[in-house]
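Below is one structure, written out as structure tokens; the observations come after it.
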There are 2 protein chains.
Amino acid sequence: MPESRPRIIPEATVARLAVYLRVLAGLADGGRSHVSSGELASAAGVNPAGLRKDLSYLGPCGVRGVGYSVAGLRDRLTEALGGERSRACVLVGIGRLGSALADYSGFASRGFQFVGLLDTDPATVGHQVGGLTVRPVAELEGLVAETQATIGVITTPADVAQTVCDRLVAAGVRSILNFAPVALSVPAGVDVRKVDLSVELQVLAFLDQQRDGAPPVLAPVRATAQGGVR
Amino acid sequence: MPESRPRIIPEATVARLAVYLRVLAGLADGGRSHVSSGELASAAGVNPAGLRKDLSYLGPCGVRGVGYSVAGLRDRLTEALGGERSRACVLVGIGRLGSALADYSGFASRGFQFVGLLDTDPATVGHQVGGLTVRPVAELEGLVAETQATIGVITTPADVAQTVCDRLVAAGVRSILNFAPVALSVPAGVDVRKVDLSVELQVLAFLDQQRDGAPPVLAPVRATAQGGVR
DNA sequence: AACCGCTTGTGAACGCCTGAACAAAGTCGC
DNA sequence: GCGACTTTGTTCAGGCGTTCACAAGCGGTT
């Protein structure tokens with residue numbers, strides 16, 4: 001069984017696979033044993049054909065005429081997305097947002113465990129957040145080396161995000177989730193994903209304005225925004 | 001004056017315009033009067049040619065041989081993205097994440113003002129968060145009608161997100177930012193943008209594993225830093 | 001006034017992703 | 001045991017977004 005990696009999986013597909021996995025976990029808790037692509041796609045908010053295409057990157061994993069085994073597909077997706085093993089994450093910048101993330105149970109339940117919380121503010125250092133003690137950023141390098149953390153989450157103000165990022169990379173972190181509103185530059189071999197909250201709101205504001213200002217037919221209106229048809 | 005909206009602006013472009021606007025605001029504060037597309041693109045983490053194409057949707061707004069006027073471009077982007085006018089937002093679900101968002105200064109500075117915080121938990125209702133008092137969700141309809149809020153932010157648990165969404169839409173909200181890990185279904189004419197934090201982490205975990213497990217040539221590695229958020 | 005360098009704006013090619021139609025395959029009913 | 005129905009997996013075409021490359025235009029200089 002050496003193969004099973006014939007082609008590479010597009011990043012957009014990987015993101016959707018994570019969504020399917022979550023839906024499947026819910027179905028498994030509900031006692032369901034099988035699902036069709038149509039039902040799964042409806043729950044995930046995507047097109048059934050696209051869902052089947054996504055799953056086909058993993059090789060055949062359904063039964064024609066029946067559908068997909070909930071437990072079987074869940075296990076295969078879990079393995080494809082990185083396995084069960086817990087991944088150590090370091091969080092830098094324990095403000096309001098950082099505290100919320102440190103407490104967010106949705107991470108721990110998916111195998112992501114925060115092993116260190118760092119901040120520069122002496123008033124914050126020492127506090128307990130989500131079961132961990134906030135430590136000074138000076139301990140960043142030692143903490144990463146000690147815990148073998150592979151993921152860094154940056155929730156600092158924009159002006160120090162690049163510096164923090166550089167230190168994380170130098171310490172060995174190769175995956176970074178950035179909430180600071182700046183474009184981080186990193187060497188090749190390091191992945192960055194950016195979440196920009198105010199940009200999301202601004203896009204909504206634009207769509208709102210466009211709707212009001214241009215009543216005549218504009219873009220071909222999506223029949224359904226996100227959810228399933230019928 | 002004939003409106004200058006000959007073509008529609010792709011959503012991906014709109015998201016980047018918001019980023020450019022933020023960079024320009026920083027440059028204006030720094031006293032800069034002009035920028036080139038190369039410098040602006042570098043600061044925003046995109047390709048210079050793509051940036052020029054994005055800006056071209058607004059019509060010619062630069063001077064050849066010189067670059068873009070910082071203040072002029074900032075004003076034009078501001079207008080294109082919805083103007084200066086403040087937009088009223090309602091936030092439902094005042095947990096850790098909701099509280100963090102209610103306090104986030106990045107929203108208010110861009111014209112987004114929370115006019116109502118709602119929660120079901122009696123222990124949370126009545127608390128002061130970000131200068132507002134948390135109110136029970138029963139007041140949702142009245143609040144939206146009274147404040148003419150156009151944007152709703154959902155930070156509730158997944159199982160009640162759809163119900164909250166339906167009530168927001170029925171009350172008149174036409175733009176929704178969803179942090180709950182479910183696909184919301186809405187009628188045509190309502191826009192939903194979804195932020196899924198655990199999916200972001202899971203994509204990073206996948207890329208990490210792929211790097212370790214498949215040393216042979218994979219996808220053409222981006223030379224520059226920022227992968228992008230589609 | 002004309003030239004030259006610099007930067008924008010745009011046209012075209014490339015690649016990726018999405019959405020729909022078709023064939024393969026397995027199961028249920030008789 | 002055989003036929004028909006259901007559902008997957010795949011193939012094909014279409015659209016969208018991104019990238020490269022070049023012509024057009026403006027300022028400064030001689």
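All of these numbers come straight from a predicted model, not from anything done at the bench.
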Problem set entry | Leu27(B)/Leu40(B) under side-chain contact (heavy atoms from CB on, under 4.5 Å): CA gap, chis, key distance, verdict | CA-CA 10 Å; Leu27(B) 290 174; Leu40(B) 197 53; 4.2 Å; yes

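- With contacts defined as side-chain heavy-atom distances shorter than 4.5 Å, the pair Val182(A)/Asp159(A) does not qualify.
- Spacing between atom CG of Leu51(A) and atom C1' of dA20(C) amounts to 15 Å, rounded to whole angstrom units.
- You'll find that the side chain of Lys53(A) is closest to dG19(C), out of dA21(D), dG19(C), dG11(C).
- Toward the 5′ end of DNA chain C lies the nearest nucleotide of Ala49(A), the other residue of the pair Gly65(A) and Ala49(A) mapping further downstream.
- Comparing Gly67(B) and Asp54(A), the nucleotide of DNA chain C nearest to each residue sits closer to the 5' end for Gly67(B).
- Considering only side-chain N and O atoms, Ser37(B) lies nowhere under 4.0 angstrom from the phosphate OP1 or OP2 of dT7(C).
- Between the C1' atom of dG17(D) and the CG atom of Leu55(B) lies a distance of 16 Å, rounded to the nearest Å.
- When distances run from any side-chain atom of Arg52(B) to the nucleotides dG9(C), dT18(C), dC17(C), the shortest one goes to dG9(C).
- Protein atom CZ of Arg16(B) is 8 Å distant from nucleotide atom C1' of dT18(D), rounded to whole Å.
- The closest side-chain heavy-atom distance from Arg87(A) to Gln209(B) is below 4.5 Å.
- Distance Leu40(B) CG to dG9(C) P: 12 Å, rounded to the nearest Å.
- Distances were taken from every side-chain heavy atom of Ser36(A) (C-beta onward) to each of dT18(D), dC12(D), dT8(D); the shortest belongs to dT8(D).
- The CD atom of Glu11(A) sits 15 Å away from the C1' atom of dG17(D) (whole-angstrom rounding).
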For this session: Please step through side chain to side chain donor-acceptor pair (under 3.5 Å) for the pair Arg22(B) and Ser198(A), ending with a clear verdict.
Result: CA-CA 10 Å; Arg22(B) 181 194 295 133; Ser198(A) 57; 3.0 Å; yes

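- Rounded to whole angstrom, the span from the NE2 atom of His34(B) across to the C1' atom of dC6(C) amounts to 14 Å.
- Counting heavy atoms from C-beta on, the side chains of Val63(B) and His34(B) never come closer than 4.5 Å.
- Side-chain to base pairing of Arg64(A) with dT8(D): one donor and one acceptor N or O lie within less than 3.5 Å of each other.
- Close to dG9(D), at under 4.0 Å from its OP1 or OP2, lies a side-chain N or O of Tyr68(A).
- Closest contact between the side chain of Asn47(B) and the listed nucleotides dT8(D), dT10(C), dC20(D) involves dC20(D).
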